[in-house]
Amino acid sequence: MFSIILIALIIMMISFIVMILASILSKKTLIDREKSSPFECGFDPKSSSRLPFSLRFFLITIIFLIFDVEIALILPMIIIFKFSNMLIWMLTSIIFILILLGGLYHEWNQGMLNWSN
């Protein structure tokens with residue numbers, strides 16, 4: 001029992017010493033304005049923050065996230081194919097894919113898939 005407590009104390013002391021050394025050695029002496037400012041996706045941090053941002057980048061990101069979640073939802077459907085009723089599995093798969101195709105048609109109809117105007 002005493003040896004376990006001794007080992008635990010030694011481990012805590014070593015980790016405390018390492019944390020103190022890391023804190024002392026990681027101090028930055030030079031403060032650079034470029035490095036201390038937040039990085040904003042390639043925009044110049046010294047210019048005006050009220051520049052117009054293209055909404056198309058945001059919408060393309062949302063489209064990517066929707067279809068990325070689609071893949072995450074389709075993969076388990078393939079796994080449960082063996083264990084479920086074939087009619088219910090096929091009906092669920094068809095409804096899910098029709099909803100996604102409806103969303104794709106709506107995006108296409110709204111012109112969101114065109115890269116140039």
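What you see below is based on every heavy atom in this structure, not just the backbone, and it leaves out hydrogens, waters and symmetry mates.
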With clusters defined by side-chain heavy atoms of hydrophobic residues (ILVMFWY) lying less than 4.5 Å apart, directly or transitively, does [Y] cluster with [X]?
X      : Y     : value
Ile79  : Ile97 : no
Leu100 : Ile94 : yes
Ile24  : Phe16 : yes

Sequence-distant partners of Ile74, side-chain contact (heavy atoms from CB on, under 4.5 Å), two or more places apart: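 Glu70, Ile78, Phe96.
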
Pairs under 3.5 angstrom only: tabulate donor-acceptor contacts from the side chains of residues 82-93 to other protein residues two or more places apart or in another chain.
{"from": "Ser84", "atom 1": "OG", "to": "Ile80", "atom 2": "O", "distance (Å)": "3.1"}
{"from": "Asn85", "atom 1": "OD1", "to": "Leu87", "atom 2": "N", "distance (Å)": "3.4"}
{"from": "Trp89", "atom 1": "NE1", "to": "Met77", "atom 2": "O", "distance (Å)": "2.7"}
{"from": "Thr92", "atom 1": "OG1", "to": "Ile88", "atom 2": "O", "distance (Å)": "2.8"}
{"from": "Ser93", "atom 1": "OG", "to": "Trp89", "atom 2": "O", "distance (Å)": "2.8"}

Ala72 versus Pro76, closest heavy-atom pair with distance: O-CD, 3.1 Å

Throw together a table of side-chain donor-acceptor distances under 3.5 angstrom for residues 6-14, partners on residues two or more places apart or in other chains.
none

Nearest-0.5 Å distance that lies between atom CD1 in Ile62 and atom CD in Glu107: 10.5 Å

